[in-house]
Amino acid sequence: MRLVAWPLIACLLALPVVAGDAPVEAKIPPGYEPAAAEDELGLWMEVADIEKALRGSALLVNDADLNNYVSGLACRVAGDYCGDIRVYLIRNPGFNASMMPNGAMQIWTGTLTRTRSKDELAAVIGHEIGHYTRLHTLERHRALKKSMSAGTFLDLGIAVATGINLPVATMSAMLNTLAFSREQESEADLIGAAMLADAGLDPHAAYSVWRGLIAEEAAAEVKREEPGMFAKTHPDAAARADVLEKWVVERYGPPDRDMYPDHEHVDMLNRHYEFLMEDQVDTNRFGRTGEMLERHLAMGVDPGLVRYFYGELYRQRGAAGDAARAIDAYRHAIELGDAPASAYRNLGYLQLKEDDLDAARRNFRHYLDLDPDASDRAMIEYYLRKDSLEDGET
Amino acid sequence: MYALVASCILSACATTTNVQQIDRLEALGDHPRVLLMPPDVRYYLVTAGGVPEPHAEWTQAARSNVETAIRKLAADMGTDLVVLHDDDLTPAEMRYRALHEAVGATVLTHHFGALKLPGKHDRFDWSLGPGIHTIGDDKDADYALFVFYRDEQATGGRIALAVLVAAAGGYASAGAEYGFASLVDLHSGDIVWFNVVRAGSGEMRDAGGAETAVHSLFRDFPVNSRDIE
């Protein structure tokens with residue numbers, strides 16, 4: 001993680017740094033090891049086990065390029081704490097990041113597709129580092145110990161079902177109970193914004209990232225009650241963005257540039273777009289996916305890739321008129337160049353259904369030319385045999 | 001209501017706590033070879049508020065004592081034991097450990113617990129699937145052994161609270177011990193033996209107690225069980 005070669009960024013930012021101390025001081029120094037306190041040692045042991053499991057998780061993204069990008073950014077934001085933070089990129093199309101008290105941070109891939117610049121991604125990372133440097137998990141645990149209200153936290157419903165306490169529930173129940181409080185979230189917001197500025201990134205990204213999520217939420221067909229940053233302990237996104245904006249503008253002045261396009265972020269998306277967006281399309285949340293695609297086009301993501309996913313969206317939605325829309329989108333993607341090989345295949349399938357056999361065959365051939373080792377090669381070859389198409393076996 | 005739950009937990013209202021599908025361990029080699037997955041043992045301290053707090057020192061002592069006790073037991077049984085450690089697990093081994101945790105919890109809930117699955121008719125045919133042979137192949141192992149154990153030690157304050165709450169007709173846990181051990185056939189993936197333990201099975205934080213606890217955990221283990229007793 002520390003082997004990341006720093007790209008030389010021509011930093012166009014001229015941040016008017018307002019004098020003053022950090023809003024909230026870190027409670028622990030870089031290189032921190034847990035104190036001799038029993039409760040803290042226990043927490044570290046517990047999360048060390050979770051971290052080990054995370055390393056073996058099938059959902060862990062192993063791609064070196066993506067990991068370098070995210071871990072490198074985390075290191076830059078963390079500054080002196082770089083050596084204390086370990087980033088685990090998790091394959092999940094949702095927007096979420098979380099921090100364990102020992103410095104292990106999880107970031108879901110959906111966070112990469114929803115942030116519009118490295119500054120916005122760094123804002124999420126800085127927020128999580130804020131939880132770490134302020135010992136928020138430990139603080140929460142101690143607060144809970146003091147409050148008797150936690151007395152019934154053992155899941156008695158499960159106890160009824162099993163006749164004994166369900167053992168595996170213990171750990172996750174404990175961690176759920178340790179969800180950060182609203183005060184801690186606000187604290188982490190401010191720390192995150194200050195860390196952005198200290199790292200030469202745009203602190204205005206700390207609130208713009210929320211505005212992006214609000215726009216996505218507005219486009220959603222079904223409003224969410226999802227775990228993640230919108231969960232109940234997190235202040236309402238709009239209010240949160242407003243508070244942060246006021247604070248950042250007071251401290252660092254108004255935004256002095258349009259933060260887009262961020263070539264570094266867009267290049268990362270272009271290199272991994274198929275991998276990242278495939279999971280998003282598969283959520284079948286078409287309103288949200290459409291809003292994200294629109295945003296990606298505006299950001300300057302390769303339009304051939306984005307049009308391809310419009311094709312995927314329409315093909316999977318399958319509403320009236322969607323087949324024609326999907327065909328248009330795939331064609332558009334292909335015209336723009338750089339469309340994935342599967343654009344030809346999926347277009348071919350749609351043309352097959354429309355009885356446009358010559359066109360379908362042409363696209364199937366093109367698909368196999370581009371991807372000779374395709375796992376569905378036998379299937380495509382079956383369709384390429386003239387009679388199989390004309391026997392109406394489709 | 002809660003008092004009922006408490007009495008259910010404390011008096012072990014589920015009658016069966018053990019399932020033995022085989023009489024003896026079958027071995028491809030001279031002796032049955034058993035892969036011991038890192039025992040998932042954790043000690044918690046329950047303070048007055050009722051929040052179980054993981055306790056590193058107790059947990060480490062218990063894990064080490066349990067491993068020693070299992071090694072001794074395996075030697076007594078004439079079984080070759082291959083001990084895997086947390087830090088050396090391959091991704092496949094980690095995944096099977098996680099799968100076993102899910103299946104084990106399901107067995108507890110739906111076989112030993114009150115929530116019976118109607119279609120099961122009390123059959124015990126739980127399996128991790130034959131794909132598990134991949135984790136035994138390079139170790140020439142015939143079986144994998146999984147141990148799960150939780151001990152929640154209540155502080156004096158918590159026990160006092162539990163008494164007060166009980167006097168008021170309620171229920172507050174005053175600590176708990178529970179766990180299970182399970183043996184998986186690495187050729188079929190089937191769980192061939194499963195044993196549940198609860199309160200009073202042994203104090204793993206000291207070596208002698210851990211031996212007692214391991215004997216309770218391995219009750220009716222399918223190798224000449226009379227030798228183990």
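We name chains A, B, ... by the order of the sequence lines, and we start the count at 1 in each one. None of the values given here were measured: they were computed from a predicted structure.
- Neither the backbone nor the side chain of B/Leu89 comes within contact range of chain A; no heavy atoms are under 4.5 Å apart.
- Salt-bridge annotation for A/Asp49 and B/Arg97: absent, with no side-chain N of the basic residue lying under 4.0 Å from a carboxylate O of the acidic one.
- For the atom pair CE (A/Met45) and OG1 (B/Thr59), the distance works out to 3.5 Å, reported to the nearest 0.5 Å.
- The two residues B/Pro54 and A/Glu46 have their closest heavy-atom pair at CB-OE1, 3.3 Å.
- When every heavy atom of A/His141 is checked against every heavy atom of B/Glu53, the shortest pair comes out as NE2-OE1, 2.9 Å.
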